[in-house]
Amino acid sequence: MFKKILVANRGEIAVRVIRTAREMGISTVAVYSDLDRNALHVRLADEAFSLGGTTAAESYLNVGKILNAIRLSGADAVHPGYGFYSENADFARAIEELGVTFIGPPPGAIEIMGDKISSRIAATKAGVNGVPGTVEVLKSPQEVIDFGNEHGWPVAIKAAYGGGGRGMRVVADAQSAVEALESAQREALSAFGRDESYLEKYLTWPRHIEMQIICDAYGNSIWLGERDCSCQRRHQKLIEESPAPGLSQETRNAMGEAAIRVARACGYQNAGTVEFLYQDGEFYFLEMNTRLQVEHPVTEMVTLLDLVELQIKVAAKEPLSFSQADVKTYGHAIECRINAEDPSEGRFIPSPGKITKFATPSGFGTRLDAGYVVGDVVSQYYDNLVAKLIVWGKDRESARKRMLRALGETEIAGIATTIPAQLKFLAHPVFIEAGHSTRWVEEGAGLEDLIIKTELKTQDSDQDVVSRSLLAEVNGKRVEVKLLIPSDLVSSTNSGTQSTPFKRGTASKQRSQTLGSSRGGSGKISVPMQGTIVKILVSVGDKVEQGSTVCILEAMKMENAILADKSGEITEVRVSPGDAVGTGDVILVIS
Ligand code: MV4
């Protein structure tokens, strides 16, 4: 078994992995960016290494720095969590070259499943049907038209190297084919650096059901039941549950066996998830996620298995200690992803900031996997997942009521969260009957009249720290120690000395956010949230139409289009790409 695991991630998933490692008697190593110097995952780990930097690219995604931390720490295994390095075959190979185990699948399996065309071919070879479609790279829009005429419209154009719906276009008819293909390829190229695309028949009201699997190094492959993730918005899941409501045991068994065949077809090891679309009683292979997923706890709650423990054991070449027949599920589990987003009017606007209050739920069947505690700052530079609330109940209705109760106990202040939307979904007749599909949140959940009145402290009201260098002798060895001291401590006890202020986050400003203020038609275009300007699409002198996109703002890994609130001429542009902006800042003016 491993002696020391380095967790190459942050937030709740790093915390999740550290907890199980500790229970197994394995020592843990955290890594952290400058902003996460005192984050929960750092506090919980046995040791921690600074990566420096602020953005994910400067810190967690800096391969050189991570590899250095692995070497310095002496870790014998690395857990990637999800996101970041979890589906990066080159990273997996690079650490194996250091003689360190990657707690995840073989790099070759990551590669087969990372390319959606090759994963469709692998599934087909294994006798598992994907959605009817093609397995060749699209060459011309005429192929889209021919496919639609033969199999019926609408048709989905998908990026072979895509994910999360990016590079995907739904084509309603032959007339739209040319433009749809161009825009799908443009998006895929800018997001993934390559634009190979293929076709599928587009299913109009599917549910998203995925099957958890675990495979060891000796050919034992076991499925652990499914999760229904149909309650999502723009490919961001909001509520997941297991089992999938209304799925027959016969279909579940068939889906489990199909998932195992897909896994075997790519030589899979470790934990993985095979995604299916389910419509009219039929399921179709969609893609395979070669990582531990955010929503894995719902499977843990109904199977009583610790998936991280299983991941660590199979990565250490232990055989699975149970068989398919031993896997039983009990009751029903539901997870809500508590994101730092304001769901008012169904818009889910990122809401970074300092958590000034965090009353956590507890009680029977109630689990909270959080990456933050009160006083922590949710930064605009990382994803917006604050915590996951998972409940277990003897059946779906008990779990649903328990989730309503537990969400009701949860009080978070300083940032807006998705909780008000989740309370609405869970109480909605369509959700209660499990009549929802992947389009429900956007089209039928009725969030238009949801207004959250919160006085938000909209900036990282993070304290400054001052840096002090001290000399120390450790066992006679001279070492220079850098102390990072909260500036309020320094000024009250030791004012007047020289200090170097380090600003963490952007300047502190407090302003209440008026959502939708840019719709007033004043021509003073302000940003609705803290973020970074990615692109400005207009220059002084340009004429714009009301509703056209003038600027792209990135916040919490999401790109947000800022629209012109009236037609007119651009008279001022106050920002440039790369600028950090705060809520309410006026970025350009239309006269
Ligand atoms: C589809 C589909 C309907 N028909 N493919 C979206 C992201 C990517 N993982 C695949 N996605 C979809 N592919 C066909 N042929 C509908 C979706 C889809 C979806 C899938 C899973 C979860 C949420 C979704 C939300 C919208 C669309």
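Order of appearance sets the numbers: ligands from 1, and atoms from 1 within every ligand.
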N or O contacts of ligand 1 with protein under 3.5 Å, please list pair by pair.
unit_1   : atom_1 : unit_2 : atom_2 : d
ligand 1 : 4 (N)  : L203   : N      : 2.9
ligand 1 : 5 (N)  : K158   : NZ     : 2.9
ligand 1 : 5 (N)  : E200   : OE1    : 3.4
ligand 1 : 9 (N)  : E287   : OE1    : 3.2
ligand 1 : 13 (N) : K158   : NZ     : 2.9
ligand 1 : 15 (N) : E200   : OE1    : 2.9
ligand 1 : 15 (N) : K201   : O      : 2.7

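- The environment of E179 atom CD is sparse: at most 12 non-hydrogen atoms of other residues, nucleotides or ligands sit within 6.0 angstrom.
- The ring of Y161 has its center no closer than 6.0 angstrom to the ring center of F192.
- Identified under the salt bridge (charged side-chain N to carboxylate O under 4.0 Å, His left out) test for residues 419-442, with sequence neighbours left out: K424-D449, R439-E443.
- By the ring-ring contact (aromatic ring centres under 6.0 Å, His included) test, W223 is found to be paired with no residue, residues two or more places apart in sequence or in another chain being considered.
- In this pair, Y85 and F91 present their aromatic rings parallel. The plane angle is below 30°, not in the 30 to 60° band.
- In terms of the salt bridge (Lys or Arg N to Asp or Glu O under 4.0 Å) criterion, R261 has no residue partners (sequence neighbours excluded).
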